[in-house]
Amino acid sequence: MTEAERARILAKAALFAPPAMVEADGRRDLVGLSRAELEAEMLALGEKPFRAKQLWHWIYHQGERDFARMTSIARPTQAKLAERFVIGRPAIAAEQTSEDGTRKWLFAWRDGQKVETVFIPEEDRGAVCLSTQVGCTLSCSFCHTGTQKLVRNLGAAEIVGQFMAARDSYGEWPTPKGEEGRLLSNIVVMGMGEPLYNYENLAKALTIIMDHEGIGLSRRRITLSTSGVVPMMDKCGAELGVNLAVSLHAVTDELRNELVPLNRKYPIAELLAACRRYPGASNARRITFEYVMLRGVNDSEAEARELVRLLRGIPAKVNLIPFNPWPGSAYRTSTPEALRRFAEIVNAAGYSSPIRRPRGRDILAACGQLKTESERARRA
Ligand code: SAH
Ligand code: SF4
């Protein structure tokens with residue numbers, strides 16, 4: 001059953017495939033190719049496999065985009081590469097920096113589609129929040145992205161490209177040695193789209209990002225948030241082993257059906273069972289349960305107690321997210337008092353329950369506020 005369901009999800013994802021990564025002049029993008037694919041390209045050019053290793057270093061360690069500056073590669077080979085390939089980045093359609101330092105980019109792809117990417121700096125580190133789809137097929141009632149139709153999936157190049165462009169913006173090349181002291185030190189896959197409905201492209205992108213000879217970000221610094229695509233959670237845990245965050249938001253199926261309509265397909269009991277068997281979950285690596293605090297909807301003390309009961313036995317922490325409003329949204333943020341009481345109950349049961357400080361609200365960069373104009377553009 002699960003195997004068939006997984007196959008169905010992967011087949012459906014193919015319908016929303018990204019366009020080929022090719023420039024108008026026919027040159028192809030090397031970003032987003034797996035190591036094996038890059039090697040195959042070099043062999044097809046009559047080069048040795050070693051050339052792929054060199055290029056990988058230039059592209060993902062040095063951040064170099066100009067073949068002419070790749071000094072370890074002979075001039076004639078540089079020219080041969082430049083005739084056929086580019087090392088791409090998304091075009092920056094807009095960039096805004098919040099008063100709290102959060103930065104948001106609107107990136108445009110070759111076909112004109114756009115997504116938003118956010119960087120959230122902390123004192124001595126920071127997380128880049130990546131998008132995985134243009135829009136989202138799901139329509140959670142409190143989420144701005146959910147009001148936008150799914151246009152297509154992002155390709156691996158586009159997912160890696162968001163991170164590389166963010167690094168460009170802060171001049172964090174070459175890749176700093178070791179993981180300490182990096183500004184762009186973490187990735188959260190919490191932008192636009194449901195990552196597990198674009199699993200293949202995302203997996204390829206994260207594999208590139210985790211490669212030790214390039215960007216080399218460890219899986220422990222990557223957190224993927226899902227609204228609960230149960231059949232793909234096992235695959236994700238087994239193959240990628242990244243940290244998991246689950247958008248729970250309600251403690252009864254009745255309410256969760258309304259808030260996160262995917263719950264009708266994968267109800268709470270099934271979702272929590274998938275969490276219980278998620279590979280690598282332990283007290284040292286807990287699963288994060290995201291819980292958006294909606295005033296008078298899901299924020300009572302009884303619900304906090306029920307949440308604690310549901311999570312029993314799961315190495316979990318709870319992330320309480322004050323609802324971030326957006327134009328036309330029907331909900332209100334919980335009162336500080338309700339937030340505090342809810343957090344206290346969860347805390348007292350032994351779960352850490354930080355209240356997520358909203359970041360970048362002034363530029364609509366906070367959780368659930370991202371949305372692009374794709375739908376309108378497509379209709380026009
Ligand atoms: N699609 C994935 C990941 C992106 S959303 C998912 O749903 O998990 C990242 C988090 O922000 C999710 O927990 C999501 O439910 C939450 N969120 C969405 N809209 C929000 C809003 N308006 N205010 C606060 N959090 C929101
Ligand atoms: Fe999609 Fe996540 Fe928004 Fe739900 S919360 S509509 S799954 S992006």
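Just the heavy atoms: all of them, side chains too, but no hydrogens, waters or symmetry mates, feed the values below. We count ligands from 1, going down the list as the structure has it; atoms in each ligand are counted the same way.
Crowding of Arg84 atom CZ: a count of heavy atoms from other residues, nucleotides or ligands under 6.0 Å exceeding 12. Within 6.0 Å of atom CZ in Arg332, 12 or fewer heavy atoms from other residues, nucleotides or ligands are found, so the atom counts as exposed in its surroundings.
Near Ser227, with a cut-off below 4.0 Å to any heavy atom, the atoms of ligand 2 are 7 (S). The atoms of ligand 2 that sit less than 4.0 Å from any heavy atom of Gly146 are 6 (S). Below 4.0 Å from some heavy atom of Gly191 lie the following atoms of ligand 1, by number and element: 4 (C). Within ligand 1, the atoms closer than 4.0 Å to a non-hydrogen atom of His249 are 13 (O), 14 (C), 15 (O), numbered from 1 in the order shown. Residue-ligand proximity, Leu138 to ligand 2, at heavy-atom distances under 4.0 Å covers atoms 6 (S), 7 (S). Close contacts between ligand 1 and Cys143 involve ligand atoms 18 (C), 19 (N) [criterion: under 4.0 Å to a heavy atom]. The Asn324 neighbourhood of ligand 1 comprises atoms 21 (C), 22 (N), 23 (N), 24 (C), with distances under 4.0 Å to a heavy atom of that residue. Of all atoms in ligand 1, numbered sequentially from 1 with element shown, those under 4.0 Å from a heavy atom of Glu194 are 1 (N), 2 (C).
Under the 4.0 Å criterion applied to side-chain N and carboxylate O atoms, Arg340 and Glu337 are assigned as salt-bridge partners.
The closest approach between Gly193 and ligand 1 falls below 4.0 Å for a heavy atom of the residue. The closest approach between a heavy atom of Ser247 and any atom of ligand 2 is not below 4.0 Å. Using a 4.0 Å heavy-atom cutoff, Trp326 is listed among the residues neighbouring ligand 1. Residue contact check for ligand 1: Cys136 places no non-hydrogen atom closer than 4.0 Å to it.
Scanning the protein for heavy atoms near atom 2 (Fe) of ligand 2, the closest one is Gly193 O, 4.4 Å. The protein non-hydrogen atom at the shortest distance from atom 10 (C) of ligand 1 is Glu290 OE2, 3.6 Å. Atom 21 (C) of ligand 1 has as its closest protein heavy atom Cys367 O, 3.3 Å. Closest to atom 19 (N) of ligand 1, if we only count protein heavy atoms, is Gly368 CA, 3.0 Å. When hydrogens are left out, the protein atom nearest atom 3 (C) of ligand 1 is Ser225 O, 3.5 Å; that is the closest non-hydrogen contact. Ranking protein heavy atoms by distance to atom 9 (C) of ligand 1, first place goes to Met190 O, 3.5 Å. Summary of contacts: the protein heavy atom closest to atom 4 (Fe) of ligand 2 is Cys140 SG, 2.3 Å. The protein non-hydrogen atom at the shortest distance from atom 6 (C) of ligand 1 is Ser247 OG, 3.4 Å.
Counting heavy atoms closer than 4.0 Å to ligand 1, residue His144 contributes nothing at all. Here Thr226 has backbone heavy atoms under 4.0 Å from ligand 1, and that is the only part of it that gets that close. For Ile321, every heavy-atom contact with ligand 1 shorter than 4.0 Å involves the side chain, none the backbone.
Annotation: side chain of Glu213 is in contact with side chain of Arg35 (closest heavy-atom distance under 4.5 Å). Looking at Gln54 and His57, their side chains never come closer than 4.5 Å, going by heavy atoms from C-beta outward.
Using modelled atom types, one finds no donor on one side chain facing an acceptor on the other under 3.5 Å when comparing Ser353 with Tyr291. With 3.5 Å as the limit, one finds a donor-acceptor pair spanning the side chains of Thr372 and Gln148. Defined by atom type and a distance below 3.5 Å, a donor-acceptor pair is missing between the side-chain atoms of Asn201 and Asn153. For the residue pair Arg103/Ser169, the side-chain donor-acceptor check at 3.5 Å is satisfied. At a cut-off of 3.5 Å, with distance as the only test, no side-chain donor of Ser98 or Arg361 sits close to an acceptor on the other residue. With no hydrogens or angles considered, a side-chain donor-acceptor pair links Glu303 and Ser300 at under 3.5 Å. In this model, no donor atom of one side chain and acceptor atom of the other lie less than 3.5 Å apart for Glu194 and Thr132. If you check the side chains of Thr147 and Trp326, you find no donor sitting under 3.5 Å from an acceptor.
At least one N/O/S atom of Cys143, from backbone or side chain, sits under 2.8 Å from atom 3 (Fe) of ligand 2. Inclusion of Cys136 in the first shell of atom 4 (Fe) of ligand 2 is not supported: no N, O or S atom falls under 2.8 Å.
For His249 and Phe289, the distance between ring centers is not under 6.0 angstrom.
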Which is it for Trp109 and Glu158 under the side chain to side chain donor-acceptor pair (under 3.5 Å) test, yes or no, and what are the steps along the way?
CA-CA 8 Å; Trp109 312 109; Glu158 294 169 328; 4.6 Å; no

Residue pair Glu179, Ser185: steps toward the side chain to side chain donor-acceptor pair (under 3.5 Å) verdict:
CA-CA 7 Å; Glu179 293 196 81; Ser185 61; over 6 Å; no

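Looking at ligand 1, you won't find any N or O of Gln369 less than 3.5 Å from one of its N or O atoms. Between Arg356 and ligand 1, no N or O atom pair is found at a separation short of 3.5 Å.
With atom 22 (N) of ligand 1 as the reference point, the heavy atom nearest to it among Tyr291, Phe142, Tyr197, Phe289 is part of Phe142.
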